[in-house]
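Okay, here's the structure, questions in a sec.
Owing to the predicted nature of the structure, the values given are computational and were not obtained by experimental measurement.
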Amino acid sequence: QVQLVESGGGLVQAGDSLRLSCVASGRTFSTYSYLMGWFRQAPGKEREFVAALRWSGATYYTDSVKGRFTISRENDKKTVYLQMNSLKPEDTAVYYCAASPYSYGDYRLVSQYDYWGQGTQVTVSS
């Protein structure tokens, strides 16, 4: 069983930064071998892909966050981060960490991921 716990959300102003953390637990889990992703869901909208990180180190971002967000990991801490800079009001959402044992899967799909955190709220005021 894999458990993911996010933290780091909050209320900030436009232009500010936040760093989200996702700590994983599970005897056989490794942030190195899993496909790790961040998704977000705004009120009344579907959950959408934000960023992903493969075991190879390859990273992927949705267009709206490219150049502002960075996904990274610390394998020894089983932790994945999402550094969010230059935040905008449209970034307001609940952010979810996700993990998939299928490291070559389609990182954009919600259905690709087997494990999810409980979410952390990010609110950006204008």
Side-chain angles (χ1 to χ4, degrees):
Q1 185 71 13
V2 175
Q3 291 186 325
L4 304 174
V5 178
E6 305 100 331
S7 63
L11 172 63
V12 298
Q13 293 186 331
D16 286 350
S17 298
L18 280 174
R19 188 177 78 160
L20 305 183
S21 299
C22 171
V23 180
S25 62
R27 191 163 57 96
T28 60
F29 180 83
S30 169
T31 52
Y32 176 76
S33 60
Y34 275 58
L35 170 66
M36 301 299 300
W38 284 97
F39 287 73
R40 65 187 179 188
Q41 188 166 17
K45 295 188 176 181
E46 293 188 353
R47 193 168 297 189
E48 66 172 2
F49 167 74
V50 175
L53 173 62
R54 291 198 196 278
W55 70 270
S56 62
T59 57
Y60 309 90
Y61 301 94
T62 192
D63 286 346
S64 63
V65 308
K66 284 180 181 177
R68 299 189 298 122
F69 290 13
T70 303
I71 187 172
S72 62
R73 67 185 177 215
E74 286 190 87
N75 294 326
D76 58 339
K77 295 182 179 180
K78 294 188 176 182
T79 301
V80 176
Y81 304 99
L82 185 67
Q83 177 67 44
M84 306 187 295
N85 298 330
S86 303
L87 283 161
K88 303 176 180 181
E90 51 263 43
D91 294 319
T92 295
V94 177
Y95 283 71
Y96 296 90
C97 175
S100 170
Y102 308 104
S103 57
Y104 289 101
D106 188 336
Y107 57 85
R108 300 165 296 178
L109 299 179
V110 169
S111 59
Q112 174 65 47
Y113 297 84
D114 290 349
Y115 306 104
W116 292 85
Q118 82 288 349
T120 185
Q121 176 70 47
V122 172
T123 303
V124 185
S125 63
S126 58

Show your reasoning for whether side-chain contact (heavy atoms from CB on, under 4.5 Å) applies to Tyr102 and Leu35.
CA-CA 7 Å; Tyr102 308 104; Leu35 170 66; over 6 Å; no

Do you know the tightest heavy-atom contact between Leu18 and Leu87?
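For Leu18 versus Leu87, the nearest heavy atoms are N-CD1, 3.9 Å.
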
Of the non-hydrogen atoms in Arg40 and Ser64, which two are nearest, and what is the gap between them?
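Closest heavy-atom pair between Arg40 and Ser64: NH2-OG, 3.4 Å.
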
Taking all non-hydrogen atoms of both residues, which atom of Ala24 and which atom of Leu4 are closest, and how far apart?
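Shortest heavy-atom contact: CB-CD2, 3.6 Å.
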
Could you verify whether a donor N or O on one side chain and an acceptor N or O on the other, from Tyr81 and Glu74, lie under 3.5 Å apart?
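Side chains of Tyr81 and Glu74: pair found under 3.5 Å.
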
Closest contact, heavy atoms only, Tyr61 versus Ala51
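Nearest pair, atom of Tyr61 first, then Ala51: CD2-CB, 3.6 Å.
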
For Glu48, does the CD atom have more than 12 heavy-atom neighbours from other residues, nucleotides or ligands under 6.0 Å away?
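Yes, CD of Glu48 has more than 12 neighbouring heavy atoms, counting only those of other groups under 6.0 Å.
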
For a quick test of reading the model, state the closest non-hydrogen atom pair linking Val124 to Thr92 and the distance between them.
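Looking at all heavy atoms of both residues, the shortest contact is N-OG1, 2.9 Å.
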
Pairing donors with acceptors under 3.5 angstrom, does anything connect the side chains of Tyr104 and Trp55?
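A pair is found: one side chain offers a donor N or O, the other an acceptor, under 3.5 Å apart.
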
Is there a donor-acceptor contact under 3.5 Å from the side chain of Ser86 to the main chain of Arg68?
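Side chain of Ser86 to backbone of Arg68: no pair is present.
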
Gap between atom CG of Leu109 and atom CZ of Arg47 - 0.5 Å precision:
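Result: 13.5 Å between the selected atoms.
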
Ion pair check, Lys88 and Asp91, cut-off under 4.0 Å
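No, no charged N to carboxylate O under 4.0 Å.
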
Ring pair (Phe, Tyr, Trp, His ring centres under 6.0 Å) partners for Phe49, two or more places apart
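Listed in chain order: Phe39, Tyr107.
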
Is any side-chain heavy atom of Ser25 closer than 4.5 Å to one of Lys78?
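Side chain of Lys78 against side chain of Ser25, heavy atoms only: no contact under 4.5 Å found.
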
With sequence neighbours left out, write down each residue that passes salt bridge (charged side-chain N to carboxylate O under 4.0 Å, His left out) with Asp106, or none if nothing qualifies.
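Only Arg108 meet the salt bridge (charged side-chain N to carboxylate O under 4.0 Å, His left out) criterion with Asp106.
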
Intermediate values then yes/no, side-chain contact (heavy atoms from CB on, under 4.5 Å), Trp38 and Val80:
CA-CA 9 Å; Trp38 284 97; Val80 176; 3.6 Å; yes

Donor-acceptor under 3.5 Å (Glu6 side chain, Gln118 main chain)
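Yes, Glu6 side chain to Gln118 backbone: donor-acceptor pair under 3.5 Å.
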
Taking a hydrophobic cluster as the set of Ile, Leu, Val, Met, Phe, Trp and Tyr residues connected by side-chain heavy atoms closer than 4.5 Å, whether directly or through intermediates, do Tyr60 and Tyr96 fall within one such cluster?
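Yes, it is one cluster - the side chains of Tyr60 and Tyr96 are joined through contacts under 4.5 Å.
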
With sequence neighbours left out, what residues match Gln83 under side chain to side chain contact (heavy atoms under 4.5 Å, CB included)?
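With neighbours one apart ignored, the set is Ser17, Arg19, Thr70, Asn85.
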
Cluster check Trp116, Val23: I/L/V/M/F/W/Y, side chain < 4.5 angstrom
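No, separate clusters.
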
Nearest heavy-atom neighbours spanning Tyr115 and Pro101
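Scanning both residues completely, I find the closest heavy atoms to be CE1-CD, 4.5 Å.
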
Roughly how far, to the nearest 0.5 Å, is the CZ atom of Arg54 from the OG atom of Ser100?
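Result: 9.0 Å between the selected atoms.
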
Thr59 side chain vs Ala52 backbone, donor-acceptor pair below 3.5 Å
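Not a single qualifying donor-acceptor pair exists.
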
